[in-house]
Every structure is written in structure tokens, then in C-alpha cells.
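Below, chains carry the letters A, B, ... as their sequence lines are ordered, and counting in each starts from 1. Only heavy atoms go into these numbers, but all of them, side chains included; no hydrogens, no water, no symmetry mates.
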2 protein chains.
Amino acid sequence: MVTISDVARCAGVSPVTVSRVVNRSGYVSEKTRQKVEKAIKELGYIPSAMARGLRLNRTYTFALILPDITNPFWTTVARGVEDAAQQREYSILLYNVDEDMHKQERALETVLSQQVDGVLIAPHDGLVSHLQPLRMRSVPTVIVDRRLNEVVPDWPVDIVRGDSISGAKALTTHLISLGHRKIAMVSGDERTTTAQDRVMGYRIALQEAGISCDENLIVYGEFRVSAGVEMTNHLMERGINFSAIFAGNNAIGMGVVRELIRRGIRIPEEIALVFYDDYANASEYFPFFTVVTQNAYQIGRTAAELLISRATGEHSEPREFILPSRLVTRYSCGSMLDDHHQSLLSLPIVNPKDLKEVVWEVPLLLPYPA
Amino acid sequence: MVTISDVARCAGVSPVTVSRVVNRSGYVSEKTRQKVEKAIKELGYIPSAMARGLRLNRTYTFALILPDITNPFWTTVARGVEDAAQQREYSILLYNVDEDMHKQERALETVLSQQVDGVLIAPHDGLVSHLQPLRMRSVPTVIVDRRLNEVVPDWPVDIVRGDSISGAKALTTHLISLGHRKIAMVSGDERTTTAQDRVMGYRIALQEAGISCDENLIVYGEFRVSAGVEMTNHLMERGINFSAIFAGNNAIGMGVVRELIRRGIRIPEEIALVFYDDYANASEYFPFFTVVTQNAYQIGRTAAELLISRATGEHSEPREFILPSRLVTRYSCGSMLDDHHQSLLSLPIVNPKDLKEVVWEVPLLLPYPA
DNA sequence: TTGTATGCGTTATCAC
DNA sequence: GTGATAACGCATACAA
């Protein structure tokens, strides 16, 4: 390996001078600079980020801890994070933790040993205790698309997320406005704050519509396609009566679709369906369900930028960004469509030319009482 | 920050002893081990991976350089890589390079400075010169889902990929067997070896069927949805005559679908469509096109395991793994379906219960002449 | 403008 | 069994 000393020897100067040239710090005469640069090129010298990091206590690396890099929502978040990081010369260490607390703990431990400059994490639950390692060592942290269940006055975490409560309320209200009264909520893991918020939004919508909430209609599982299949199956097997399904996230929604299709149940004629978050634009190709979409790319980008700003000391007080969501309905959107489009409801697939795409900016309903 | 010396002081031993306890190396008496372990716990000591890396010249980190972490194929590869790495306590540095040679170069430079133990890369093109930095510093390297255009006797790179030639040949033959003679090839960037191989397989299939290849039917673009839209548009605008489209990858395929739907062209009645690689199981939900799928997860997993094996010196001679692909056809697969299923062709969407799913292991056709 | 000395946190080597 | 010493590659404080 070519080190700074090799370059120094080759250029006939001291290592410090090479360092100064590389980092553009301190005074270096034009002549020596050129000598040094020539030597660097000749030897193909590349500074060791590790040695530099050890010395400076800065690695220009962030950790990105996600539940599932296979889910289009999270990959788009990751893409936003990566773009912002790359632009500012930061690298990203990726950890996939599967909504598994054990894996999350291991990832956190590893991350601490790596001395990253910051952590972007979608924590499995809202307990601060599970992020304790980050807090103790005051690692700059941004929480992505989720939130904490507690207020932590002495730990300045930033949060970038959508407003799941208002999004879920919008979806539920949409279904109610179409005449649905029995709406099944097929949710993800109850411990995640997004699952909590989406169920909360669902309850609020029902309450405001004067519909009593049947607890049998609320099912918790995992944020995965297979869980969507299983939960749908479970509901059908138990013979529970409902005319619409609210899928707690995009993967669950795809599972619901799969199971309903398998059973030969037509969407939305027999059972209507709404998703939280689209699934790689599935709603565009398969426009028989309605989605609330968050701008995942922007969430990722904003989170990374915020982390850079915190890591470089540009801000220190905690910040929370709540990005807007949109309700997108392309079909079965009776309450929003005119008669002509209503009549399309009986068709299983519609030529998009005949479709009116309705996009509705979901108003933020914050703050909510605890 | 708590260092090894702090622990040593707290336990009343020397740093070396602490190191021995942490790494289970050398002899340590049971009594001191307990003292040290108590001190570690009390102080919350976490070894610095950086300092250790500097000393050992090993980071337990791999770089994963991908074209597009938003594409379900690559995310599944990434997932396989991550799983294998996590299992062996390796971390993954993720770089997204967008089939952009400039970004790839920057990523490589960064990666070298990080002193990763190995690199997993889907190189933009097959030129060894563009991987020169890795070769010069003999960084253990595995090429993922692509290959090199040159033979490099003195650089032992491993390769894990599918056989795009045979896969593309199978897809093309499938179309030919359905009666198609004018098949448009909507390919990705001509510089990537997968694009080259898939066009090659397409040509071979035509040739074997005695169909002359109309060069106007071959279009090159990017491996993205938007490019799929544009290329389809381009073909239609130029009034070129064809009855089927071969999409060079999954994203392009989704673009083709989007544009055909937009134009109100029915798939496959008016234009048949095949994809290379599925798109998040799109073919399952939307079973009117045929795909060749690679086991992306296995590709990623195998690649990571291979890299671990090389990084730990378990093997040194170059290896190439060619994983099998499958042709999956669920609809419009006239030549493979019986009359009943043939009759389904006129329906735009079919209840999967009525569908015969045909999965065909694509035989490897290697080796091919250069 | 350049160089010397020092230390970042760790572990291999050798001595006791 | 345990400890002192040196070195990994770099950048800072200080001296020249």
C-alpha cells in the first residue's frame, strides 16, 4: 500500500507537506506542490480514510438502518439518502434489519464500533430505550418515516416522516364516502409507530363518521407480502364480514391483492381496497385500488441532508419534518368521479385514457392529543 | 469515547490483556477475564473498528456498487448480499451509480480509500480498464450479474451471473413458437454485457428459426422505466412493423407496458410482450406477459459468500458461477397451453385459478464462441 | 514555507 | 499468564 510517507520520500519532502497538499491546508509553495502532486500521481497514492478517520474522529460515513431493502418504499428512501450523501461525499453503510429487534440491536452495536458520523434509522418501535446506544454516545441520529413514543428533552434527534394519522384518516374517509361501513384494517407490527398511527387515523375517521369500531376488523401482522396474504386469509376464514380492506402498508396491500385474486374475489366490486404507500407504481398499472403515497425519495433526501447539517454542527436543536402525503385514486373512486367514471366500476381493467386520476393533497391534522 | 486503555485502567490490567479478552486470543486467567469483562460492561466499551482496521489492515466491510437500488432486481441482489454478509459479520457500503461511468469511477476511488475487504460490482461495461483501480491494488472483487469482455489472466476476479444469452434465446424462441416473426428488441445500454448478451441470444434464436434479423427492430436505451416508454414510443412513431416486444430488462418492460396501455394497445392480443427479469412479481399480478427470471437473491448471496471466501484466502483462483434462469409464462403462452387455456387469450385479465403456470428451467447454452 | 514530534485506538511481537 | 513496546497511516501543535 502506498502511504503518505512513500509519497513524501518520492517527492523529497516530509509527510506533513504531502498532507498539506492533499488537504489544501497550510502554506505550500507552488513548486513543492507540483513535485508532490507528481509523486502522488506516479505512485497512485490514495489517502487512507481509516487512518484519517482515526486521527480526525470523522469518517464521512452514515449508517442507514432499514426494515426491508426489498420494499420499494424503503429502496426509494435509500435512493434519496444515497443521492444526498453522494453529493456531499458521504458514504452509506446499509443495514437490513427485518423489523427484528435483535438484528436492530446488532446493527446498532456494529455501527457504534464503526464510528459513523451519523445514523439514519427507521426504528422498529418507538421506545427510546432501544436507541439508547446512540443516545449514550450522542451519535447524530435521524429517524426516518417513524417517530418516538416518548419525548426526550436531553437527546436532540431529528425526525423526517409523513403524517400517518391524517393519511390513514383520509383513506378511511374515502372508503366511508363510498358507502363502506365494515372496513378491515390489515396492519403491520403493532409496535411500529406507523402501524399505531395508521390504526389511529382509521379510528378517528370511523369516529367522525359516527361508525363504531369493530375490534375484530383490526388485525396486526408484519409489513410483508406474505403477512398480507395470511391476514386476509385469516379474516376470510373467520367469516368476518367486511366490504373493504385497509392495507397497513404497500407490501401488505400486495399480499391482500394476491389472496383476494386467489380466492377469485373481485376488487373493488366485491371488496374494495386501499393501501398506505404505493408499491412501485402498482396502482398505476393495476388501478383498482386507492393509495396514500408519501414522497419516499424526499423523505430520504431530507433525512440525509438533515443529518449532514447536524453532523457538521449546522444545527443542534432537534427538528421534525412532516412531509405531505397524497391520496391517489384512479378507479373505484366513486365519490370523487362523475357518472361516466362511476360506470367504469364494473370493468375489471380500464384504459387509463378513460380514467380520471384524482390526486389529493392530504391536509396535516397535527397536532393530535397524545 | 471509552478506549481499551480506559477499560484496562478500570480493571487494573494492561491494554493488551483487555485486547486478549475481547478477541479471545492468548491466555487469560479466569479471574482477570472476569475483572476485564466487568470493566467492559461498566464502561460500555465498544472496540473501535477503525483502529482495529488500521492495525490489522482488515475492515470487515464490503462495497456493493449497483446501477440502481430502486430496481427490484438489484434490491433483491442487495438483500442476498446483505444477508450473507450479516451472517459472517461483514458490513456493506452501498453505492448507487446509475449506469454512469463517472459515478462508478468516483465510487471506486472512495471505496479504495475506505480499504474495504472486497468489492461486489455490476460494472457498467465489460472493459477491464474501468476496473483498473481494483486490479492495481488487488482488491478482492466479484462481478455481479455481468461479465467482462476480456480475459484477464493475471487478475483473479470472480463472477456470479445468469446466462443472458440462453435466457434471451428462450424468450425469443417462445415468441417465435407463438407465431411472431417481427419481434422488436428494446434493449438497455449497449455497453453493458447483459444488453449485449440478450441481443445475442435474440439473434441466435432468430437465426436458428431461419428468420432474418431486421436491425430496425433493435433499439438501445437505458435500463429504466422511462427509457422503456421512450423506446416504445420511438418504435411506434417510426411506424415500424412488429407484433411482439422483447424488453431488455424488467424496468424497460414496465415502461413498455405503460406506453402500450397509454396508447390503448392490448397486450398480448395486439402486441405480445416478454421481459428479461420480473419486476417485483408483476407477472404474477399482471399475467399477460412472459418473463425469464433469475434468482436475484441467490446471485447476491453467492456473490457475497464467494467474496468472503476470497477475502479470507479460502480460494484464490478465479471462479465463475452461472446460475440457472427460468422462463415463466402464465398467459398468452399458446404454444405451451392446451385449448382451454388458449381460449383465455381473449380475456384481458384471468383468474389465476384458471391459469396454468408454466415454469421452464432454461438450459445453459454455454460456451458460446466469442 | 517546511519539518519534528506526538497521538488517535488497536494488536503483534517479544520479554518476563 | 501478563505486560512493555512498536507500528498501522494520518494530521495537528509547535518549532524552525
Side-chain angles (χ1 to χ4, degrees), chain A residues 1-40 43-61 109-117 137 139, chain B residues 1-37 39-40 43-61 89 109-117 137 139:
Chain A
M1 153 171 252
V2 180
T3 75
I4 201 168
S5 310
D6 298 327
V7 177
R9 210 169 307 124
C10 170
V13 297
S14 81
V16 210
T17 306
V18 179
S19 172
R20 282 198 261 260
V21 170
V22 170
N23 301 307
R24 291 157 179 63
S25 67
Y27 297 97
V28 177
S29 77
E30 192 50 34
K31 221 177 90 189
T32 44
R33 136 164 287 113
Q34 298 200 344
K35 270 195 306 189
V36 170
E37 272 166 356
K38 182 156 160 277
I40 289 178
L43 301 180
Y45 168 68
I46 297 183
S48 157
M50 235 178 354
R52 179 181 281 164
L54 187 61
R55 182 64 235 253
L56 297 182
N57 224 20
R58 273 195 98 229
T59 54
Y60 291 92
T61 300
E109 184 149 345
T110 307
V111 153
L112 290 183
S113 77
Q114 318 253 26
Q115 319 250 162
V116 298
D117 290 352
R137 308 186 43 138
V139 179
Chain B
M1 150 169 257
V2 180
T3 76
I4 202 169
S5 311
D6 297 328
V7 176
R9 211 169 306 125
C10 172
V13 297
S14 81
V16 202
T17 305
V18 179
S19 172
R20 283 200 258 261
V21 170
V22 170
N23 301 306
R24 290 155 179 65
S25 66
Y27 298 97
V28 178
S29 77
E30 192 50 34
K31 221 178 89 187
T32 43
R33 134 164 290 113
Q34 298 201 346
K35 271 195 306 188
V36 169
E37 272 166 358
I40 288 178
L43 301 180
Y45 167 68
I46 296 182
S48 158
M50 235 176 355
R52 180 180 282 166
L54 187 61
R55 181 64 235 252
L56 299 181
N57 223 20
R58 283 201 84 227
T59 53
Y60 290 91
T61 301
E89 314 250 74
E109 184 149 347
T110 308
V111 153
L112 290 184
S113 77
Q114 318 252 28
Q115 317 252 161
V116 297
D117 290 351
R137 305 182 48 134
V139 179

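The only member of B/Thr59, B/Asn57, B/Asn23 that meets side chain to side chain donor-acceptor pair (under 3.5 Å) when paired with B/Arg52 is B/Asn23.
Between A/Ser14 and C/dG3, a side-chain N or O to OP1/OP2 separation shorter than 4.0 Å is present. Phosphate contact (OP1/OP2 of C/dT11, side-chain N/O of B/Ser25, threshold under 4.0 Å): absent. Regarding contacts with the backbone of D/dA11, a side-chain N or O of A/Ser19 is found under 4.0 angstrom from either OP1 or OP2. The side chain of B/Ser48 places no N or O atom within less than 4.0 Å of a non-bridging phosphate oxygen (OP1 or OP2) of C/dG9.
Rounded to whole Å, atom P of C/dG7 lies 16 Å from atom CG of B/Asp6. Taking atom CD of B/Gln34 as the reference point, atom P of D/dT2 lies 12 Å away to the nearest angstrom. As rounded to whole Å, 10 Å separates atom C1' of C/dA12 from atom CZ of B/Arg20. Rounded to whole angstrom, the span from the CZ atom of B/Arg58 across to the C1' atom of C/dT10 amounts to 16 Å. Rounded to a whole Å, the CZ atom of B/Arg9 is 13 Å from the P atom of D/dA4. A/Met50 places its CE atom 22 Å from the P atom of C/dG7, with the value rounded to the nearest Å. At whole-Å resolution of the value, CE in A/Met1 and C1' in D/dC10 are 11 Å apart. In this structure, A/Asn57 places its CG atom 12 Å from C1' of C/dG7, rounding to the nearest Å.
When all heavy atoms of A/Asp117 and A/Tyr60 are compared, the closest pair comes out as OD2-N, 2.7 Å.
The terminal axes of the helix from C/dT1-D/dA16 to C/dC16-D/dG1, fitted over 5 pairs per end, subtend an angle of 40° to the nearest 10°.
Side-chain contact between A/Val18 and A/Val21 is absent, with no heavy atoms from C-beta onward closer than 4.5 Å.
The listed nucleotides are D/dG1, C/dA12, D/dG9; the one nearest the side chain of B/Ser29 is D/dG1. When distances run from any side-chain atom of B/Thr32 to the nucleotides D/dG9, C/dG3, D/dT2, the shortest one goes to D/dT2. Nearest to the side-chain atoms of A/Val16 among the listed nucleotides C/dT11, C/dT4, C/dG7 stands C/dT4. In this structure, of C/dG3, C/dG9, C/dC8, it is C/dC8 that holds the atom nearest to the side chain of A/Arg55. Candidate nucleotides C/dT10, D/dC10, D/dA11 were compared by shortest atom distance to the side chain of A/Leu56, and D/dA11 ranks first. Closest approach to the B/Asn23 side chain among D/dC10, C/dT2, C/dT11 is made by C/dT11 (side chain taken as heavy atoms from C-beta onward). Checking C/dG3, C/dT10, C/dT1 against every side-chain atom of A/Tyr27, the shortest atom distance belongs to C/dT1. Comparing D/dC10, D/dG3, C/dT10 against the side chain of A/Pro47 picks out D/dC10 as the nearest.
Nearest-nucleotide positions on DNA chain D for B/Gln115 and B/Pro15 put B/Pro15 closer to the 5' end.
Remark: A/Thr110 engages no residue in a side chain to side chain donor-acceptor pair (under 3.5 Å) (not counting sequence neighbours).
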Would B/Lys35 and B/Lys31 count as a side-chain contact (heavy atoms from CB on, under 4.5 Å) here? Give the steps. CA-CA 6 Å; B/Lys35 271 195 306 188; B/Lys31 221 178 89 187; 5.5 Å; no
Let me see the working for A/Glu37 and A/Arg33 under side-chain contact (heavy atoms from CB on, under 4.5 Å), right down to the final yes or no. CA-CA 6 Å; A/Glu37 272 166 356; A/Arg33 136 164 287 113; 3.6 Å; yes
Could you walk me through whether A/Val22 and A/Ser19 pass the side-chain contact (heavy atoms from CB on, under 4.5 Å) test, one step at a time? CA-CA 5 Å; A/Val22 170; A/Ser19 172; 5.8 Å; no
side-chain contact (heavy atoms from CB on, under 4.5 Å) assessment of B/Gln114 paired with B/Thr61: CA-CA 9 Å; B/Gln114 318 252 28; B/Thr61 301; over 6 Å; no
